Amino acid sequence: MKRYSVKNIILLTGLLLLMAGCGKTDKEATTEAKAPVLETFSLQKEILSSSVSIPAELTGFQYVDLYAKVSSYVKELKVDIGSKVKKGQLLILLEAPEISSQLAAAESQLHSQEAVYTASNSTYNRFLETSKVEGTISKNDLEVALSRKNSDYAKLQAAKAAYKEVQIIQSYLQIRAPFDGVVTARNINTGAYVGPAGKGSELPLLTVQDDKKLRLSVSVPETYAAYLKHGDSISFTVRSLPNQTFKAKIARMSGALDARLRSEKVEMDIENNTLLMPGMVAEVTLPLKSTNSTFVVSKSAVVTYSEGTFVVKSVNGKAHRVAVKKGRTEGDKVEIYSDSLSTDDKLVKLASEEIREGTALN
């Protein structure tokens, strides 16, 4: 009796454990079959208008560094930093005694050659008049006189050119303002040696800038260059006047990317109102207006894995990752590009790495 009772107890215990195991398995299966509840939305195209802030630099509309053309000494300095100058105004008077000697020698050579030519020309004219009487002057003598006259004339022209050349060199001793502006830098003093080579040419003598009209230059990255065109209105601020916003329009675009920065040079012209100065650093806000609509989604719908950037698309109730490229962003929205997406596709609004490929979506 005891043997059968123990056996029955063992069988009953095993049966109960088996029933409990089966019940747990069914419960887990029910849990696994239940798909996660995720919010989806229909993909649509929009025209995203955004802007980007880029640092820029203000410079004079015209800017020039003045150097000495010939080796000389500074005889007189007529301006200093901050001096307002007019076009053609004498700024620096240089001194080079050897150039004055060369000019005197060239002038003397010119006068000598003029006398020689005058004599040969007079001789030729007399021979020509005399030759009109037959038998008085041989044809050979007349031709010799003409050749000498032409040779002396050529020498006279060379003497004039040499004299003019020395005059031009002497004019380099006077450095004048190329345009109206202000002197923004001075690197010399009276008596300093300057020249086209050596220590005297390391720095410009003077720097002159046009402060009536300014040039705002900005390097626009390749990503944004295609959204800009001539005439677009931009706004900018400067650090010294943080509460003021200035306006300008795009006047010039280089049309090519800089090989080093991979950016396009864009310039705006600004009529100065005495508040702005050349050399200021500005923060430019560029409008990025697109003419074509693109796919625009919230940033939460885009997730970046180690393999790349994806959105999660619902295909027959299951998750499917679609590789995309990001474009511009504006607030919580971002442009995406992919050939595998089309209008009205269902995308998961809150994508994450936990959503695996093929995961059932509810």
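Note that this is a predicted model, so its numbers are computed, not measured. For reference, positions follow the sequence shown, starting with 1. The analysis underlying the following values was restricted to heavy atoms, covering all of them including side chains, and did not include hydrogens, waters or symmetry mates.
Residue Met277 places its CE atom among 12 or fewer non-hydrogen atoms of other residues, nucleotides or ligands, all under 6.0 Å distant. For Arg262, the CZ atom counts as loosely surrounded, since its 6.0 Å shell holds 12 or fewer non-hydrogen atoms of other residues, nucleotides or ligands. Within a 6.0 Å radius of CD in Glu354, other residues, nucleotides and ligands contribute 12 heavy atoms or fewer. Enclosure of atom OH in Tyr73 is not indicated, since only 12 or fewer non-hydrogen atoms of other residues, nucleotides or ligands lie within 6.0 angstrom. Under a cut-off of 6.0 angstrom, the local environment of NZ in Lys318 is sparse, with at most 12 non-hydrogen atoms contributed by other residues, nucleotides or ligands. Within a 6.0 Å sphere centred on CG of Asp332, heavy atoms belonging to other residues, nucleotides or ligands number more than 12.
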Please assess Ile188 against Leu77 for the test side chain to side chain contact (heavy atoms under 4.5 Å, CB included), listing each intermediate value before the final yes or no. CA-CA 9 Å; Ile188 56 165; Leu77 185 60; 4.1 Å; yes

Tell me, with the steps shown, if Lys247 and Ile234 meet side chain to side chain contact (heavy atoms under 4.5 Å, CB included). CA-CA 6 Å; Lys247 300 289 185 180; Ile234 64 100; over 6 Å; no

Stepwise side chain to side chain contact (heavy atoms under 4.5 Å, CB included) check, Phe310 with Val324: CA-CA 5 Å; Phe310 301 87; Val324 297; 5.8 Å; no

Evaluate salt bridge (charged side-chain N to carboxylate O under 4.0 Å, His left out) for Lys213 paired with Asp210, printing each intermediate quantity in order. CA-CA 6 Å; Lys213 189 176 181 180; Asp210 179 5; over 6 Å; no

Any chance you could lay out the side chain to side chain donor-acceptor pair (under 3.5 Å) test for Lys346 and Ser42, step after step, and finish with the verdict? CA-CA 5 Å; Lys346 298 295 183 181; Ser42 297; 2.7 Å; yes

Starting from the C-alpha separation in whole Å, work towards a yes-or-no answer on side chain to side chain contact (heavy atoms under 4.5 Å, CB included) for Met268 and Lys249. CA-CA 6 Å; Met268 286 70 69; Lys249 290 186 177 180; 5.8 Å; no

Run the side chain to side chain donor-acceptor pair (under 3.5 Å) test on Thr207 and Asp65 for me, step by step, so that the C-alpha distance in whole Å, both residues' side-chain angles and the decisive distance to 0.1 Å come before the verdict. CA-CA 5 Å; Thr207 297; Asp65 291 329; 2.8 Å; yes

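Taking all atoms of both residues into account, the shortest heavy-atom contact from Met253 to Ala225 is CE-O, 4.4 Å. Between Met280 and Leu275 the shortest heavy-atom distance is CE-O, 3.7 Å. Nearest heavy-atom pair across Leu94 and Ser72 is CD1-OG, 3.3 Å. For the pair Leu228 and Pro287, the tightest heavy-atom approach, listed with the atom from each and the gap, is CD2-O, 3.3 Å. Taking each heavy atom of Ala56 and Val218 in turn, the nearest pair found is CB-CB, 3.8 Å. Contact record, Arg252 with Arg215: NH2-NH1, 3.3 Å, taken as the closest heavy-atom pair.
Phe41 and Val315 fall into different hydrophobic clusters, defined by Ile, Leu, Val, Met, Phe, Trp and Tyr side-chain heavy atoms under 4.5 Å apart, directly or through other members. Hydrophobic clustering, with ILVMFWY side chains joined whenever heavy atoms are under 4.5 angstrom apart, keeps Tyr337 apart from Val297. Put simply, Ile54 and Ile270 are part of the same group of oily side chains (I, L, V, M, F, W, Y) that touch within less than 4.5 Å, one to the next. Note on Leu341 and Val303: separate hydrophobic clusters, where clusters join Ile, Leu, Val, Met, Phe, Trp and Tyr whose side-chain heavy atoms are under 4.5 Å apart, directly or indirectly. Leu173 and Ile168 fall within a single hydrophobic cluster, where Ile, Leu, Val, Met, Phe, Trp and Tyr side chains are chained together by heavy-atom contacts under 4.5 Å.
A donor atom on one side chain and an acceptor atom on the other are not found under 3.5 Å apart for Ser263 and Asp258. Side-chain N/O atoms of Asp345 and Ser342 include a donor and acceptor closer than 3.5 Å. Side-chain contact annotation: Arg126 with Thr130, donor-acceptor N/O pair under 3.5 Å absent. If you check the side chains of Tyr172 and Gln174, you find no donor sitting under 3.5 Å from an acceptor. Side-chain N/O atoms of Tyr117 and Gln113 include no donor and acceptor closer than 3.5 Å. No hydrogens or angles considered: a donor-acceptor pair under 3.5 Å links the side chains of Ser71 and Tyr193. Checked by atom type, the side-chain pair Ser138/Asp141 shows a donor-acceptor distance below 3.5 Å.
Taking CD1 of Ile175 as the reference point, atom CG of Leu93 lies at 9.5 Å (rounded to 0.5 Å). Between the CG atom of Asp80 and the CG atom of Leu206 there is a distance of 8.5 Å, given to the nearest 0.5 Å. We find the CD-CD distance between Gln102 and Glu107 to be 14.0 Å, quoted to the nearest 0.5 Å. To the nearest 0.5 Å, the span separating CD on Gln44 from OG1 on Thr294 amounts to 12.5 Å. We find the OG1-CG distance between Thr59 and Leu216 to be 8.5 Å, quoted to the nearest 0.5 Å. Atom CD of Glu39 and atom CG of Leu347 lie 12.0 Å apart (nearest 0.5 Å).
With a 4.5 Å cut-off on side-chain heavy atoms, Glu264 and Ser254 count as touching. When side chains are defined from C-beta on, Val208 does not count as touching Val182, because their heavy atoms never get closer than 4.5 Å. The shortest side-chain heavy-atom distance between Thr285 and Ser51 falls under the 4.5 Å cut-off. At least one side-chain heavy atom of Asn187 sits under 4.5 Å from a side-chain heavy atom of Pro204. Contact annotation: the side chain of Ser235 approaches that of Thr245 to within less than 4.5 Å [non-hydrogen atoms, C-beta and beyond]. A heavy-atom distance below 4.5 Å is not found between the side chains of Asp180 and Lys212. Two residues are said to be in side-chain contact when any heavy atoms from C-beta on lie closer than 4.5 Å; Phe127 and Val144 fail this criterion. Using a 4.5 Å cut-off on side-chain heavy atoms (C-beta onward), Val238 and Val281 make no contact.
In this structure a side-chain-to-backbone donor-acceptor pair under 3.5 Å is missing from Glu335 to Gly327. The backbone N or O of Val311 sits nowhere less than 3.5 Å from a side-chain atom of Arg321 that would complete a donor-acceptor pair. For Gln89 (side chain) and Ala177 (main-chain N/O), no donor-acceptor pair under 3.5 Å exists by modelled atom type. Without hydrogens or angle criteria, Asn125 side chain to Ser122 main chain gives no donor-acceptor distance under 3.5 Å. Under the 3.5 Å distance criterion, the side-chain polar atoms of Ser112 are left unmatched by any main-chain donor or acceptor of Ser108.
Classification of Lys333 and Glu46 as a salt-bridged pair holds, one side-chain N sitting under 4.0 Å from a carboxylate O.
For the pair Lys87 and Phe179, the cation-pi test (distance below 6.0 Å, angle within 45°) is failed.
Using cut-offs of 30° and 60° for the angle between ring planes, the Phe236 and Phe246 rings count as parallel.
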